[in-house]
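Quick notes on the structure that follows.
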Amino acid sequence: MFNVLLVDDEPWVLEGLRTMIDWDRFGFRICGEALSATEALKLMEQLKPELVMTDIHMPVLNGLELIEHSNRTLPHPPKFVILSGYDDFGYAHIAMRQRVAEYLLKPIDDEEIEALLAKLSREIRDEFETERSFRQKAGLAVHYLLNRLIREGVNVDLADQACKAMEIQGEPLLQCLLIEPAGGFGGSVDWIDWMAENGPEGLLGCFQDDSGSMGLVLRVEHSTPDDVMETALQLQYALAREFEEPVIVALSGTGAGVQAIGELYRQSVDVRDDKRSQGRSGVFCYQELRRVQHLRGLPLGWIDELLSVIMSGEHASIESCLARIFAAMTDHLPRLRAVQADVADLELKLCRRIAEMNGDPDLFMNRLQGELGHLGDACHCAALKNYIRLLSFEALSELAELGKLTEHNTIFQVIQYVDREYRSKLQLQDLARHFHMNATYLGQLFKKHAGKPFKEYLNDKRIEEAKLLLKRSGMKVSEVALHVGFPNADYFIHKFKLTTGMLPSNYKNHVESKLR
């Protein structure tokens, strides 16, 4: 529904407009009424109506002055319809200069106002859709560029593109917010679009990182730290109410220009990971984290880094990552209990991943503890290093085995699906989406397990079924083609001859002659 503000210094006129027009029928609702242009200006700022119907002759500020002031000062001025008892071309001429939607004379004709409201409803809806489409495209471009900035670092071309997309010049002061609901961002809501509409003041762009958290880049040179904290608290409260679950909002420090975005993101990741590992929710700052960083067991982010290289399945990468971790343990002599807490968090994440791949995390941990003992038994630095090393390589082996089983089970299901649905309009990309796989990878797996490429397998399946129909039914060749899934008879005939060496009609006659 679109909001309408009614403005007239005669109360009886407002009552007539309110009661005599079927606003709902045209997708409008009256959000407010004003007896003066001054009052109308305040209501327009508060209610942000899409349509204002106003009289011209009012004390202090007339209707045309109201329109001129609104068009000049409001970021998104509404459409205006003038209602006047004065048939004066001068007024109409000024109104047209102010881009007024319509100039109507009192008393209002029912058919005229209804036709106007129907037209305005369509126009406003089209404008909303155009603006939403533009905002989505712009948001996707910023999302893509911000993800490149945090992954690849800054180069001159990428920095220029990002500045243009976010409409910034120079090196404004920026800050990153990273948001993570307990259950992740999901459902039918386009959260990047939601952030664009409901996000805080100074929002330059949104992005979603590989872990599913939502990042916001804010321009903060005109904001105090307290302002930003208040903004983050309001956003955290709104999202916690939206999701009905705990939400972490991690605030980075500040940095100048787009070249700082990667570092600001990493700061907010450190904050998020720290509070996530503690099971906490709320708004947290990087500055506060740095003050207590000396109490941490190991450098921030080491758990996710090690988990990532274990998931990559590369033995050498794990060795390299462990070498860095063990060097930090030797150089900084962290508290043993803090490191054990970090390792327990790593175990939890590995078990969660094993469960996601249809493995048995309890069996894995029982087997691990049979070899290593319990984590709490690793009571000195050397024992803890040994525990981390063996945990890493045991998990690598377990996940690799589960990966093979998952791959085999999935491709078996894909082939079964093709055998069952071959009559449908099947495309490899559609199969990949259906089974949540990369299309190129699925094509490679299909060929490996089926012995032939997907398209060839599908056509062969359809040809075999076509042979049976040509043998056993009285269907025409064109009917057989459509029945087995070919888009048209010509393509079917071409493929049939290519596979069997004869035309479908010849094949059918040949079979019938053998049966006589």
Side-chain angles (χ1 to χ4, degrees), residues 135-151 154 158-159 161-168 171-187 189-243 246-276 281-289:
R135 191 171 62 243
Q136 280 184 327
K137 290 177 182 176
L140 286 172
V142 172
H143 175 271
Y144 166 75
L145 291 167
L146 287 174
N147 267 292
R148 285 190 61 191
L149 282 170
I150 64 177
R151 288 173 182 160
V154 179
L158 185 56
Q161 290 181 57
C163 286
K164 288 176 183 176
M166 292 186 286
E167 299 180 350
I168 59 177
E171 296 186 349
L173 197 63
L174 306 179
Q175 195 162 3
C176 181
L177 274 70
L178 201 60
I179 304 163
E180 182 177 86
F185 285 93
V189 177
D190 183 335
W191 289 106
I192 291 180
D193 195 42
W194 188 92
M195 287 294 176
E197 289 189 11
N198 302 282
E201 186 177 351
L203 178 64
L204 293 176
C206 311
F207 62 94
Q208 201 158 9
D209 68 7
D210 292 336
S211 70
S213 295
M214 181 73 70
L216 278 62
V217 175
L218 303 183
R219 186 169 186 162
V220 295
E221 69 260 34
H222 301 303
S223 304
T224 67
D226 287 343
D227 291 337
V228 178
M229 175 58 77
E230 181 61 29
T231 292
L233 286 167
Q234 291 176 0
L235 189 59
Q236 193 266 346
Y237 175 76
L239 288 170
R241 188 173 54 186
E242 188 83 22
F243 285 102
V247 174
I248 294 172
V249 176
L251 275 167
S252 73
T254 58
V258 295
Q259 63 270 18
I261 288 174
E263 175 57 28
L264 297 178
Y265 166 71
R266 284 185 285 277
Q267 291 176 8
S268 60
V269 167
D270 287 346
V271 178
R272 178 203 64 190
D273 291 350
D274 183 69
K275 302 311 172 185
R276 182 206 281 164
S281 63
V283 179
F284 306 98
C285 299
Y286 181 69
Q287 287 82 356
E288 179 63 26
L289 181 66

Open item on the list: Can you tell me which residue among Leu264, Leu218, Leu216, Leu251 is in a side-chain contact (heavy atoms from CB on, under 4.5 Å) with Cys176?
Closed with: Leu264

Task: Pro181 and Val247, any side-chain heavy atoms less than 4.5 Å apart - done: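 Counting from C-beta outward, Val247 and Pro181 do come under 4.5 Å.
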
Task: Any Ile261 side-chain heavy atom under 4.5 Å of Leu174 side chain - done: yes

Considering all heavy atoms of both residues, which atom of [X] and which atom of [Y] are nearest to each other, and what is their separation?
X	Y	answer
Ala250	Ser268	CB-O, 3.3 Å
Leu177	Ala232	CD2-CB, 4.1 Å
Val258	Cys163	CG1-SG, 3.8 Å

Atom pair [atom1]/[atom2] of [X] and [Y] - distance to nearest 0.5 Å:
X	Y	atom1	atom2	answer
Thr224	Met229	OG1	CE	11.0 Å
Thr231	Gln234	OG1	CD	6.0 Å
Arg272	Ile248	CZ	CD1	8.5 Å
Ser252	Tyr265	OG	OH	12.0 Å

Open item on the list: For Thr254, is there any backbone N or O sitting under 3.5 Å from a side-chain donor or acceptor partner on Gln175?
Closed with: no

Task: Donor-acceptor pair, side chain of Glu221 and main chain of Pro172, under 3.5 angstrom - done: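 No; zero donor-acceptor contacts below 3.5 Å.
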
